[in-house]
Amino acid sequence: MVSNVGIVDRWRALWAAAPEAVVLVDQATGRDWRAGELESATAWGAAYLHSLGIRSGASVILSAAPSDATALAFIGLLRLGAVVVPVNTAATPREIAHISGVSGATHALSDEPERFTQMPSHSVTPLTVPGEAVDTSIELDRTVGTDRALICFTSGTTGAPKGAPLTHGNLLAGTTALVECWQWSADDVLVSALPMFHVHGLLVALAGTLTAGATIVVHHKFDANRLVDSALTHHATLVFGVPTMWARLADSGRLFELAHLRLAVSGSAPLAPTLFTTIHSATLSAPVERYGMTETMILASTPVGGIRRAGTVGRPLPGMSIRIADDGVVEVRGESVFGGYLTSAPTDPLLRSGFTDDGWFRTGDIGEWDGDDLRLVGRASELIITGGYNVYPREVEDVLRTDVAIADAAVVGLADDTWGETVAAFVVLESEAVADAETLERWESLCSEQLAPYKRPRSFSVIDELPRNAMGKVKRDDLRARGVVRSES
Ligand code: MLC
Ligand code: AMP
């Protein structure tokens, strides 16, 4: 039977049992937060948010660089019963407007309030430390497992990001499974520079640490040297990163200084076997690779106590079932899997899109079993993953097609050693149009205005026509095989 316990109860029980334990450290300021302080600071934070008019059930955008303040705001919102809507700090006004519209968010917590001027909401800075007196008699910690905790936005095949609500129960199930799988204990110290607006940084790193009763050292921004220094200073046992971060750590020449880690964990994008080997040789231990999704939290991980093989993402996490459909798509079921996309009406087919009739969620990844381990061999969708961020070609193509000189456009991911993939655009010009320096500059500024930086094409190739199959579908493999035909950026 699925329990209806929420995640906040679990955290508060741990804080009460060990109030002196250091839970959170802000690397930039050196400020640390003991469990007892975290309890009172987040109760104050929740009361402060309440005094701003935020009520249980309200959707609130959280968009800030990772810091202790961001972590406190996240916990305070959950304790109040509000629904956290994480937003990339690089989001453009167009992207913010879409997310606030779909989520119905009326407030935003941000470290750069000016980014939210076009949003019909009150904008406030993230909480730092308890300040002015507020009414602390409000009701807190009333949430149960079925209550909504977050709405995460994922890039959509149709171009517009879709909202994926996760409940307090999803969070508890997902983080408890990780704690068990990675034998994550109160003795563990995680150093993380992951952004706190995605599942990886917010739920795996931060919420995972809280559920483990462990310690997290939060970096405001990823910097390889600073991360290694911090791992040494804080006697880190865990480092989580996307492959691009591990590639940069390898480039720094200091990976060997992380040999004291219990686990070096990579996820969010494929870890190249060569990088796996580099990490293995430098740290004298094979990295752990785990596979997850916004809609499901973490699905699989290579084993902590067994052999971890390059190119595999391991076995299903406790409580998670994985099967491979006839068409090769990985399908999953488990308590951390969301219940369906955000829609305005329960009859909207978007709600259960991606689910099979018998209730399994289709990930869109193509996989195969290699013994007990899952191996991801491709994607059914056109998703591009660059530096751990997802880009759907359609969104970029739609923006490009608004330019007067562009008759048609297709966007693909080209393999890249550091970023995994980079975004490459192929465009067909309108007759009479020319692609001179001025045109290129216009395309670049169009993309800058409309798209977050990681979505912008790193190259524009002008071709006579897009290769299409008999059904009229663009043959993206053909474009990938061509590489950059004529790079101008
Ligand atoms: C930054 N840039 C990127 C980029 N990140 N371009 C493409 N892809 C990216 N991911 C751009 C910047 O805008 C800038 O552009 C230029 O690259 C150099 O910037 P930088 O300062 O060197 O980059 P940096 O800020 O260091 O960012 C790199 C990074 C970051 C790897 C630290 O991308 C990152 O934090 N990635 C993690 C993403 C993540 O957490 N994903 C988890 C999703 S959850 P310009 O034009 O200004 O020069 C998920 C589920 C799961 O997938 O399984 O976990
Ligand atoms: P997101 O929508 O940001 O949650 O991204 C989810 C997608 O990231 C998955 O569907 C996979 O394609 C990809 N992904 C996550 N972890 C891994 C991994 N370890 N290896 C390969 N791809 C991964």
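First listed ligand is number 1; within each ligand, the first listed atom is number 1. Computed from heavy atoms alone, side chains included, the values below leave out hydrogens, waters and symmetry copies. Each residue takes its place number in the sequence, starting with 1.
Within the 4.0 Å cut-off (strictly below), no protein heavy atom is located near atom 48 (O) of ligand 1. For atom 14 (C) of ligand 1, no protein heavy-atom neighbour is found at a distance under 4.0 Å. Note that atom 9 (C) of ligand 1 has protein non-hydrogen atoms nearby, at separations under 4.0 angstrom. There is a protein heavy atom less than 4.0 angstrom from atom 17 (O) of ligand 1.
In this model, a donor atom of one side chain and an acceptor atom of the other lie less than 3.5 Å apart for Thr237 and Asp188. Residues His219 and Asp26 bring no donor and acceptor atom of their side chains to less than 3.5 Å of each other. Under 3.5 Å, the side chains of Arg362 and Thr356 contain no donor-acceptor pair of N or O atoms.
The protein atom (non-hydrogen) at minimum distance from atom 12 (C) of ligand 1 is Pro453 CB, 4.4 Å. Counting protein heavy atoms only, atom 46 (O) of ligand 1 is closest to Arg456 NH1, 5.0 Å. If you check which protein heavy atom lies closest to atom 20 (P) of ligand 1, you get Arg248 NH2, 4.0 Å. Among all protein heavy atoms, the one lying closest to atom 2 (N) of ligand 1 is Trp419 CH2, 3.8 Å. The protein heavy-atom contact nearest to atom 31 (C) of ligand 1 is Thr244 CG2, 3.8 Å. The protein heavy atom nearest to atom 30 (C) of ligand 1 is Tyr389 CE1, 4.2 Å.
Every atom of ligand 1 is numbered from 1 in the order shown, and the set under 4.0 Å from a heavy atom of His200 is 42 (C), 44 (S), 54 (O). Ligand 1 places these atoms under 4.0 Å from at least one heavy atom of Gly388: 38 (C), 39 (C), 41 (N), 42 (C), 43 (C). The Pro195 neighbourhood of ligand 1 comprises atoms 35 (O), 37 (C), 40 (O), with distances under 4.0 Å to a heavy atom of that residue. Near Gly387, meaning under 4.0 Å from one of its heavy atoms, ligand 1 places the atoms 10 (N), 33 (O), 36 (N), 37 (C), 38 (C). Atoms of ligand 1 lying under 4.0 Å from at least one heavy atom of Met245, given by number and element, are 32 (C), 35 (O). If you number the atoms of ligand 1 from 1 as listed, the ones under 4.0 Å from a heavy atom of Phe222 come out as 32 (C).
Sparse packing is recorded around CD1 of Ile307, with 12 or fewer heavy atoms of other residues, nucleotides or ligands lying under 6.0 Å away. At most 12 heavy atoms of other shown residues, nucleotides or ligands fall within 6.0 angstrom of atom CG in Asp417.
Judged as a ring pair (Phe, Tyr, Trp, His ring centres under 6.0 Å), the pairs with a partner in residues 353-383 (not counting sequence neighbours) are, in order, Phe338-Phe355, Phe338-Phe361, Phe355-Phe361. Within the structure, every pair that satisfies the side-chain hydrogen bond (donor to acceptor under 3.5 Å, both in side chains) test and touches residues 282-295, not counting sequence neighbours, is listed here: His200-Arg290, Ser285-Arg308, Tyr291-Thr363, Tyr291-Asp365, Glu295-Tyr341.
When all heavy atoms of Asp373 and Arg309 are compared, the closest pair comes out as OD2-NH2, 3.1 Å. The minimum heavy-atom distance linking Ala236 with His260 is given by the pair O-CD2, 3.1 Å. A pairwise comparison of heavy atoms in Gly359 and Arg352 identifies CA-NH2, 4.2 Å as the closest pair.
The N/O atoms of Arg458, backbone and side chain alike, include one that comes under 3.5 Å of an N/O atom in ligand 1. For ligand 1, the polar-atom distance check finds an N/O of Arg290 within less than 3.5 Å of one of the ligand's N/O atoms. Considering backbone and side-chain atoms together, Ser268 places an N or O closer than 3.5 Å to an N or O of ligand 1. Looking at ligand 1, you'll find an N or O of Lys221 within less than 3.5 Å of one of its N or O atoms.
Using a 4.0 Å cut-off between charged nitrogen and carboxylate oxygen, Asp251 and Arg248 do not count as a salt-bridge pair. Taking a cutoff of 4.0 Å between a charged side-chain nitrogen and a carboxylate oxygen, Arg476 and Glu382 qualify as a salt bridge.
In His219, neither the side chain nor the backbone holds a heavy atom less than 4.0 Å from any atom of ligand 1. Of all the heavy atoms of Thr386, the ones lying under 4.0 Å from any atom of ligand 1 are found in both the backbone and the side chain.
Taking the six-membered ring for Trp, Trp246 and Phe240 have ring centres at least 6.0 Å apart.
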Side-chain donor/acceptor pairs under 3.5 Å, residues 269-282, sequence neighbours excluded:
from: Thr277; atom 1: OG1; to: Pro273; atom 2: O; distance (Å): 2.9
from: Thr278; atom 1: OG1; to: Thr274; atom 2: O; distance (Å): 2.8
from: Ser281; atom 1: OG; to: Thr277; atom 2: O; distance (Å): 2.6

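Protein residues having a heavy atom under 4.0 Å from any atom of ligand 2 are Ser268, Ala269, Pro270, Glu289, Arg290, Tyr291, Gly292, Met293, Thr294, Val313, Asp365, Leu376, Arg379, Ile385, Asn390, listed by chain and number.
Ring-plane geometry between Phe153 and His98 is classed as perpendicular, the angle between the planes exceeding 60 degrees on a 0 to 90 degree scale with a lower cut at 30. Taking the six-membered ring where the residue is Trp, Trp11 and Phe74 present tilted rings, their angle falling between 30° and 60°.
No heavy atom of Gly201 sits closer than 4.0 Å to any atom of ligand 1.
Contact annotation: the side chain of Val84 never approaches that of Val60 to less than 4.5 Å [non-hydrogen atoms, C-beta and beyond].
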